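Below: one structure, written as structure tokens.
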Amino acid sequence: MYYDLTKGPITKNLILFSLPMIAGDLLQQFYNIADTLIVSRFIGSHALAAVGSAYALMTFLTSIFIGLAMGVSSLLSIDLGKQEEERLKSTIVHSFFLIMSITIILTILVYLGINPILHFLQIPQSLLYGTQTYLLIIFSGMIAVALYNFITCILRAVGNSLTPLYFLGVSALINIILDLVFIIVFHMGIGGAALATVIAQYISAIEITLYFCKHCQAYMPRKRHCHYDSQILSEITKYSLFTCLQQSCMNFGILLIQRLVDSFGAITMAGFAAAVKIDTFAYLPVQDFGNAFSTFIAQNFGAHHKERLRSGIKIATCVSALFSLILSLLVFIFAKPLMMLFVKAHEVQVISSGVRYLRIEGAFYIGIGCLFLLYGLYRSIDKPQMSLVLTIISLGLRVILAYAFAPIWGEVGIWVSIPIGWFIADTFGYFYYLRHRATLLP
């Protein structure tokens with residue numbers, strides 16, 4: 001189903017458009033949750049800690065080409081709003097070669113630099129082999145992740161958020177089955193978990209690419225669109241560069257937090273690894289609502305619907321705040337049972353560490369919910385640099401405060417720093433919008 005977000009009731013269309021995105025990303029998390037749950041239950045907490053450290057690194061690396069794809073998505077939505085279909089197809093060609101080239105280069109670099117990377121992360125000696133084994137396999141899936149996210153961003157830009165869900169559901173199921181087979185039946189250990197994830201990633205990437213080539217002929221580039229256009233490449237770079245930097249800075253900050261967590265040892269690492277999976281799963285609805293909101297803003301910005309833009313901003317803020325409060329309440333109440341899904345009951349210290357994280361950080365999801373809206377807003381109104389500024393404020397403060405508080409309050413100091421960064425960035429972002437909205441919107 002394709003949604004024209006320049007028409008119809010705003011609240012209804014935003015929610016309906018975002019629901020498949022939410023469901024799709026929840027399934028995406030099954031890749032990581034399946035690894036975490038099965039690894040912790042059948043291999044142990046040391047393997048869980050190794051997967052947790054690898055996850056933080058992979059999130060940072062994949063954020064580079066996911067950020068590029070998100071920037072392209074905003075540009076495509078604007079082209080669609082302007083009804084410039086020929087330009088849209090040329091943009092698809094240029095962005096494909098740009099994203100895949102960067103992904104290939106990045107894959108080569110991380111293989112060459114695996115040892116310095118592990119040293120930077122301060123991985124304990126007892127976890128070094130497991131983390132390295134996992135990463136050497138998981139790196140091979142980066143091209144698949146880039147391709148899947150590129151096609152998904154095209155589909156979402158033109159109003160189709162449902163199709164990616166089908167393919168992701170199949171690959172998520174395959175991921176879980178292969179996890180069980182490789183780890184329990186073939187005793188492949190942490191390497192089996194990584195291999196299962198990579199196979200599932202390639203399945204989803206191939207499926208969605210074949211679908212696009214066969215069923216999306218209206219947006220399929222032709223030979224005439226495959227010539228070099230410096231102006232289009234310049235616009236792609238403008239939108240994608242800042243979004244890429246924003247995503248990379250955000251996840252590099254998370255990587256620095258992971259480095260600090262690693263310095264506390266295996267118990268805190270394992271607790272954090274499990275809690276982050278729960279945490280990411282919990283706030284995905286508001287993250288994807290922010291991405292849906294970005295498409296809404298881009299389409300209406302391209303169509304010059306000024307009043308609809310302003311109404312949409314108010315409505316989206318209220319809906320996101322409500323989502324966030326409900327999620328915070330659920331995570332706060334069920335923090336311990338959720339941790340026990342990933343960690344065996346006798347590992348009391350690991351569970352306690354994860355519960356502390358969830359009840360401190362998870363109580364303030366409204367902060368990250370509003371921040372996702374601000375990212376989507378500025379990315380789609382030709383101000384992608386503001387998304388980068390907000391990320392630097394949020395992550396910069398988080399990292400600075402975490403490293404300042406940790407020697408005083410231990411791991412609790414790290415957890416407290418996260419919502420503080422969110423709320424200061426939110427304050428700056430909304431103040432900037434209110435002060436400049438007359439010039440920001442057409």
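Since this is a predicted model, take the numbers as computed values, not measurements.
- In this structure a side-chain-to-backbone donor-acceptor pair under 3.5 Å is present from Arg308 to Leu5.
- The heavy-atom pair separating Val286 from Ser320 by the smallest distance is CG1-O, 3.8 Å.
- Applying the salt bridge (Lys or Arg N to Asp or Glu O under 4.0 Å) definition to pairs two or more places apart or across chains, none involves residues 426-439.
- Inter-residue side-chain proximity for Ser352 and Val348 is flagged as met; some heavy-atom pair is nearer than 4.5 Å.
- Under a 3.5 Å cut-off, the side chain of Asn300 and the backbone N or O of Phe296 do form a donor-acceptor pair.
- The environment of Tyr166 atom OH is sparse: at most 12 non-hydrogen atoms of other residues, nucleotides or ligands sit within 6.0 angstrom.
- Of the possible polar contacts, none joining the Thr268 side chain to the Gly265 backbone as a donor-acceptor pair under 3.5 Å is found.
- Two rings, from Phe96 and Phe150, have their centers less than 6.0 Å apart.
- Looking only at distances, a side-chain donor or acceptor of Ser171 sits under 3.5 Å from a matching main-chain atom of Phe167.
- At a threshold of 4.5 Å between non-hydrogen side-chain atoms, the residues Val389 and Phe428 count as touching.
- Atom OG1 of Thr107 and atom CD1 of Ile102 lie 11.5 Å apart (nearest 0.5 Å).
- Between Trp422 and Tyr365, the ring planes lie tilted relative to each other; the angle falls in the 30° to 60° range.
- Within the 4.5 Å cutoff, side-chain heavy atoms of Phe293 are placed close to those of Ile313.
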In sequence, state the C-alpha distance, the side-chain angles, and the governing distance for Tyr148 and Thr209, and then conclude on side-chain contact (heavy atoms from CB on, under 4.5 Å).
-> CA-CA 7 Å; Tyr148 171 81; Thr209 302; over 6 Å; no

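- Residues forming a side-chain contact (heavy atoms from CB on, under 4.5 Å) with Leu135 (at least two apart in sequence, or on another chain): Ala54, Leu57, Met58, Ile114, Leu118, Thr131, Ile138, Phe139.
- Checked by atom type, the side-chain pair Gln201/Asn175 shows no donor-acceptor distance below 3.5 Å.
- Counting only heavy atoms from C-beta outward, the side chains of Leu165 and Leu168 never approach each other to under 4.5 Å.
- The CD atom of Gln287 sits 12.5 Å away from the OG atom of Ser18 when rounded to the nearest 0.5 Å.
- Within the 4.5 Å cutoff, side-chain heavy atoms of Leu371 are placed close to those of Ile368.
- Rounding to the nearest 0.5 Å places CG of Leu322 at 9.5 Å from CD1 of Ile366.
- At least one side-chain heavy atom of Asn291 sits under 4.5 Å from a side-chain heavy atom of Arg379.
- Smallest separation of non-hydrogen atoms from Ser311 and Ile10: CB-CD1, 3.8 Å.
- For Ile297 against Ser380, the heavy-atom pair with the smallest separation is CG2-CB, 3.6 Å.
- Atom OG1 in Thr103 sits 11.0 Å away from atom CD1 in Ile108 (nearest 0.5 Å).
- Of the possible polar contacts, one joining the Tyr111 side chain to the Leu136 backbone as a donor-acceptor pair under 3.5 Å is found.
- Listed here is the closest heavy atom pair of Thr91 and Ile236: O-CD1, 3.6 Å.
- Residues Met142 and Val110 meet the side-chain proximity criterion, which asks for heavy atoms closer than 4.5 Å.
- Note on ring orientation: taking the six-membered ring where Trp is involved, the planes of Tyr375 and Phe372 are perpendicular (angle over 60°, cut-offs 30° and 60°).
- Ring orientation note: the planes of Phe186 and Phe182 are tilted relative to one another, at an angle of 30° to 60°.
- For residues 399-415, the pairs satisfying salt bridge (Lys or Arg N to Asp or Glu O under 4.0 Å) are Arg356-Glu411, with sequence neighbours left out.
- Here the side chain of Thr152 pairs no donor or acceptor atom with the backbone of Pro164 at under 3.5 angstrom.
- With values rounded to the nearest 0.5 angstrom, Ile78 atom CD1 is found 10.0 Å from Ser73 atom OG.
- Minimum heavy-atom separation, Met100 to Ala146: SD-CB, 4.4 Å.
- Considering only heavy atoms from C-beta on, Leu14 stays 4.5 Å or farther from Val319 through its side chain.
- In the displayed structure, His436 atom NE2 is contacted under 6.0 Å by more than 12 heavy atoms of other residues, nucleotides or ligands.
- Here the closest non-hydrogen pair linking Ala282 and Val331 is CB-CG2, 3.6 Å.
- Here CG of Leu16 is found 11.0 Å from CG of Leu162. Values are rounded to the nearest 0.5 Å.
- For Asn160 and Thr163, the side-chain atoms include at least one donor-acceptor pair closer than 3.5 Å.
- For Trp415 and Phe272, the ring centers sit closer than 6.0 Å to each other.
- Counting non-hydrogen atoms of other residues, nucleotides and ligands closer than 6.0 Å to CZ of Phe97 gives a total of 12 or fewer.
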